[in-house]
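This structure is a prediction, so every number in the text was calculated from the model and none was measured.
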Amino acid sequence: MKKIYSLVLIVLVSLMTFGTIFAQEGTKANEKDATYEKIVKRGYIVLGTSPDYAPYEFQTTSNGKSKDVGMDISIAKDIADDLGVKLKIKNMDFDSLLVALQTGKVDMVLSGMNPSAARRKSVDFSDIYYKGGQSIIINKKDSGIYKDKSSFENKKIAAQTGSIQYNLAKKQIKGATVSGIEKGTDLILALQTNKVDGVVMEKPTAEAYASNNSGIKVINGGFELNDDETSTAVAMPKNSPVLQKKINGTIAKINSKNLIPQYLKQAGTYLKGNTANTSMLHYWKYFAMGVGYTILISLVGVIFGFITGTLLALLRLSNSKILRMISTAYVEFVRGTPLMVQLMFVYFGLGLFVNLPALTAGMIAVSLNSGAYIAEVIRGGINSVDGGQLEAAESLGLNKKDRMRYVIMPQALKNIWPALGNEFISLIKESSIVSIIGVTDLIYQLKIVQSDTYRGVAPIVVAMILYFIMTYSLSRLLKFYERKFN
């Protein structure tokens, strides 16, 4: 009886084991991964990164063209090669990367990103591909004052917005005033200009900045760290099991071949090349491209903003209560929300339904924002035309359309020309906000030059001069036409 019982038990266990194996194989066969399928179908994978974090990712110039380089870029190329697809890189601010990942703008993120518990709630991470540490950068002249994090109690300290370093400084440095700054170059500039006493930064990046800047020094942060706070991994959308498995396979291959030291060494070579010639003239193509995009965005914003503003102004002056309400609601809503929020809504929010390129999204957001302000300027101009002009036009037998076209609008335009000119000039400066989503306008190029050269102030001076030339030239042109009107 015992033998029969044992035999039955063995058969049952065997059946359960085989059942589990078949179930697992069936699950693998039916495993769905929309992100992976999309990548394979279109033949390329989109990498999201913030190229201001050497040696992880930064930019260098080759044959007059800028390109992304660094350890993370090398790893991303390996991933693309193993997937059998091309690599496309989309640059943007660090704190926009996870939003871009969640809204499908990018397929993966490599940007020196730590796989923290908070981030794991929104995205998936690969296996760890690099372990570093957290350091603090100080001015060399303060070497006798600061030794580790305990020296910064009740002091001013800075870290990259949305980063692990920012959270560490907040939690582990008592009484410190912690500032979040988006770009690594701006962090160093804040330190050098004594806006802050120290900068918390990942060890390899801190050492890269210090090796190219004789006025700063790296000290051990002395932070209490767990694995997530010293590790770097690839971020990808939630529920991407196949992509995650493929990326983990690439990371395993990289680790087995010990390629990370080689990638870091190669990044160091690019860093030395960047600092060999840091004159602003050497980077004139960067600034020229930035000016070109700034003028393009501003020009599109002016044209479509004027068209939109004119329509909105006429709607607000119409006899229809519904049309007046729609126009008023639009104007008040746009004027009551920041342009940056509108830009992110157009790029990321509408991106859930329509995959808008960053440049297109920037031009749409700027145009819609400008239209609301221009609408009020035009409405004020129309209302400023003397009522007798309208009566005279009516007495001549002109219909409503002709009265507005030939009598009211020409006089209104003359009255509002200075105000419109101000709006157009402001638009050139306000369009700089598009740099946060990776549009290569003048501000974006300014940040890249800062990152490449480790010079904080010189690129700012160049950008200021270029903005002044653009706005002054436009103001002279507007003055010329104002005299023509008069």
Over all atoms of both residues, closest heavy-atom pair of Val346 and Ala365:
CG2-CB, 4.2 Å
Any sub-3.5 Å donor-acceptor pair from Ser240's side-chain atoms to Pro237's backbone N or O?
yes
Here's a test for you: under side-chain contact (heavy atoms from CB on, under 4.5 Å), which of Val178, Leu191, Asn139 qualifies with Val196?
Leu191
Minimal non-hydrogen separation, Tyr286 against Ser66, with atom names:
OH-CB, 3.0 Å
Between Phe424 and Trp417, what is the ring plane arrangement, given parallel below 30°, perpendicular above 60°, and tilted in between?
perpendicular
Would you find a donor on one side and an acceptor on the other, under 3.5 Å apart, between the side chain of Ser135 and the backbone of Ala206?
no
Heavy-atom check, side chain of Asn369 versus side chain of Leu343, under 4.5 Å:
no
Is a side-chain N or O of Ser96 found less than 3.5 angstrom from the main chain of Met92, in a donor-acceptor match?
no
Any non-hydrogen side-chain atom of Phe58 less than 4.5 Å from a side-chain atom of Val69?
yes
Just wondering, do Thr232 and Tyr56 contact through their side chains at under 4.5 Å, heavy atoms?
yes
Would Phe94 and Met113 count as a side-chain contact (heavy atoms from CB on, under 4.5 Å) here? Give the steps.
CA-CA 9 Å; Phe94 181 82; Met113 187 167 284; 3.9 Å; yes
State the CZ-CE distance between Phe304 and Met363, to the nearest 0.5 angstrom.
8.5 Å
Just checking, Lys105 and Tyr347: is the charged tip under 6.0 Å from the six-membered ring centre and within 45° of the axis?
yes
Given side-chain hydrogen bond (donor to acceptor under 3.5 Å, both in side chains), test Gln59 with Asp68 step by step and report yes or no.
CA-CA 4 Å; Gln59 290 195 329; Asp68 296 288; 3.1 Å; yes
Ignoring hydrogens and geometry, is there a side-chain-to-backbone donor-acceptor pair from Asp72 to Gly112 under 3.5 Å?
yes
Please list all pairs meeting salt bridge (Lys or Arg N to Asp or Glu O under 4.0 Å) that have one or both residues in residues 300-321, counting only residues at least two apart or in different chains.
Arg316-Glu376
Report the distance from atom CD1 of Ile448 to atom OG1 of Thr440, rounding to the nearest 0.5 Å.
9.5 Å
Could you tell me whether a side-chain N or O of Asp93 sits under 3.5 Å from a main-chain N or O of Asp95, the two making a donor and an acceptor?
no
Heavy atoms only: give me the nearest Gly438-Tyr444 pair and the separation to one decimal.
CA-CE1, 4.0 Å
Heavy-atom count check: over 12 atoms from other residues, nucleotides or ligands less than 6.0 Å from Tyr146 OH?
yes
Intermediate values then yes/no, side-chain contact (heavy atoms from CB on, under 4.5 Å), Tyr44 and Leu87:
CA-CA 6 Å; Tyr44 64 86; Leu87 177 68; over 6 Å; no
Lys447: which of Thr185, Asp186, Asp52 passes side chain to side chain donor-acceptor pair (under 3.5 Å):
Asp186
Rounded at 0.5 Å granularity, tell me how far CG in Asp402 sits from CD1 in Ile408.
12.0 Å
Return the minimal non-hydrogen interatomic distance between Gly48 and Leu97, and the atom names on each side.
C-CD2, 3.6 Å
Using side-chain heavy atoms (C-beta onward) and a distance below 4.5 Å, is Ile295 in contact with Met470?
yes
Would the number of heavy atoms belonging to other residues, nucleotides or ligands and lying under 6.0 Å from OH of Tyr467 be above 12?
yes
Does any non-hydrogen side-chain atom of Ile443 lie less than 4.5 Å from one of Val434?
no
Heavy-atom closest pair, residues Ala159 and Gln165
CB-C, 3.8 Å
Rounded to the nearest 0.5 Å, what separates atom CZ in Arg119 from atom CG in Leu101?
12.0 Å
Check whether any side-chain heavy atom of Phe125 lies under 4.5 Å from a side-chain heavy atom of Gln244, and answer yes or no.
no
Scan side-chain atoms only and decide if Thr161 and Glu182 contain a donor-acceptor pair under the 3.5 Å cut-off.
no
Quick one: does Asn154's side chain have a donor or acceptor within less than 3.5 Å of a partner on Ala176's backbone?
no
I'd like to know if the side chain of Ser327 reaches the main chain of Leu323, judged simply by a donor and an acceptor atom lying under 3.5 Å from each other, with no hydrogens or angles considered.
no
Check whether any side-chain heavy atom of Glu57 sits under 4.5 Å from a side-chain heavy atom of Ser50, and report yes or no.
no
Checking Asn239 against Asp33 for the side-chain contact (heavy atoms from CB on, under 4.5 Å) test, could you report, in this order, the C-alpha distance in whole Å, the side-chain angles of both residues, the deciding distance, and whether it holds?
CA-CA 7 Å; Asn239 303 315; Asp33 187 338; over 6 Å; no
Would you say Gln172 and Lys149 are linked by a side-chain donor-acceptor pair, where the criterion is simply a distance under 3.5 Å?
yes
Between Asp441 and Ser435, the two heavy atoms sitting closest are OD1-CB, 3.3 Å
Tell me, yes or no, whether the heavy-atom count around Met289 atom CE, taken from other residues, nucleotides or ligands under 6.0 Å, exceeds 12.
no
Kindly say whether Tyr166 contributes a backbone atom to a donor-acceptor pair with the side chain of Ser163 at under 3.5 angstrom?
yes
Taking Thr308 for its side chain and Gly305 for its backbone only, find out whether a donor-acceptor pair lies under 3.5 Å.
no
Would one find more than 12 heavy atoms of other residues, nucleotides or ligands at under 6.0 Å from atom NZ of Lys38?
yes
Whether the side chain of Thr294 engages the backbone of Gly290 through a donor-acceptor N/O pair (distance < 3.5 Å, no angle test) should be reported.
yes
Counting heavy atoms not belonging to Lys88, are there more than 12 under 6.0 Å from its NZ?
no
Quick test of your reading of the model: are Lys156 and Asp197 salt-bridged, counting only N-O distances below 4.0 Å?
no
Nearest 0.5 angstrom please: Ile469 CD1 to Met464 CE, how far?
12.0 Å
Quick check: do Leu47 and Asp107 have side-chain heavy atoms less than 4.5 Å from each other?
no
How long is the span from the OG atom in Ser74 to the CG atom in Leu110, to the nearest 0.5 Å?
10.5 Å
Applying side-chain contact (heavy atoms from CB on, under 4.5 Å) to Ile157 and Val199, what does each step give before you reach the verdict?
CA-CA 6 Å; Ile157 201 157; Val199 170; 6.0 Å; no
